[in-house]
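We name chains A, B, ... by the order of the sequence lines, and we start the count at 1 in each one.
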Amino acid sequence: GDSVTQMEGPVTLSEEAFLTINCTYTATGYPSLFWYVQYPGEGLQLLLKATKADDKGSNKGFEATYRKETTSFHLEKGSVQVSDSAVYFCALSTTDSWGKLQFGAGTQVVVTP
Amino acid sequence: DAMVIQNPRYQVTQFGKPVTLSCSQTLNHNVMYWYQQKSSQAPKLLFHYYDKDFNNEADTPDNFQSRRPNTSFCFLDIRSPGLGDAAMYLCATSRDNRGRRPDTQYFGPGTRLTVL
């Protein structure tokens, strides 16, 4: 079945540091890939997405590239801020699964001043 | 702004006392979802509606029911809440993209349920 594996947290960084969160997937269909962010006590917000190989999603300084050859969708940001402290979820959905989201376990990111 | 709204944001109920959580949307999406999220875990899909067509996940307990009276509203009913049902409940919506690329799900802010 479909699955998403992302690096465990918490990831603790200083402000202005470079952030990478690794995400790899297995899927029987041809998935769309998503990164969602969840701030404390809030719902999930779509951060970025990519729907086909080599697509790059970007938003708020975050980027992720859909790599079919390595089945990966790693999230990166060049200079994090304290306000980026949150839990980040990598997810996929396929046409075979009517769009059902398969989430990774989530990675907590803590950015200190 | 078009959005997904959940009420209330915080709900306290007693063990065994039925409770209803509400979700509404102004996006005019025809697919709506309910997720349960426990602390430090990923959201777990309970069920979804494709228009009025209800689809239950195989491992969703019978204690959880849902109603969708129209396109805009969807309710989650917990018939006899147990202590293990304390969680954040998230509603999400998406457009019908069946047969094409899966469309994005848009989430509400969630309702945090406490069971005493």
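Follow the hydrophobic side-chain contacts under 4.5 Å out from B:Leu46 and you never reach B:Phe75; the two are in separate clusters. Under a hydrophobic clustering in which Ile, Leu, Val, Met, Phe, Trp and Tyr are joined whenever their side-chain heavy atoms come within less than 4.5 Å, directly or via other members, B:Val31 and B:Phe54 fall into different clusters.
If you measure heavy-atom distances from A:Gln38 to chain B, the contacts under 4.5 Å come from the side chain alone. With a 4.5 Å cut-off on non-hydrogen atoms, B:Gln37 touches chain A through its side chain but not through its backbone. Heavy atoms closer than 4.5 Å to chain B are found in the side chain of A:Tyr36, but not in its backbone.
Between A:Leu44 and B:Tyr35 there is no side-chain heavy-atom pair separated by less than 4.5 Å. Side-chain atoms of A:Phe103 and B:Leu45, non-hydrogen and from C-beta on, never get closer than 4.5 Å to each other. Looking at heavy atoms from C-beta onward, B:Gln105 lies out of side-chain contact with A:Lys100 at the 4.5 angstrom threshold.
When the shell of 6.0 Å around CD of A:Glu8 is examined, it contains 12 or fewer heavy atoms from other residues, nucleotides or ligands. Within a 6.0 Å sphere centred on CD of B:Gln14, other residues, nucleotides and ligands contribute 12 heavy atoms or fewer. The environment of NZ in A:Lys56 is sparse: at most 12 heavy-atom neighbours from other residues, nucleotides or ligands sit within 6.0 Å. Heavy-atom contacts from other residues, nucleotides or ligands closer than 6.0 Å to CG of B:Asp59 number more than 12.
B:Ala42 and A:Phe89 get closest at one heavy-atom pair: CA-CE2, 3.5 Å.
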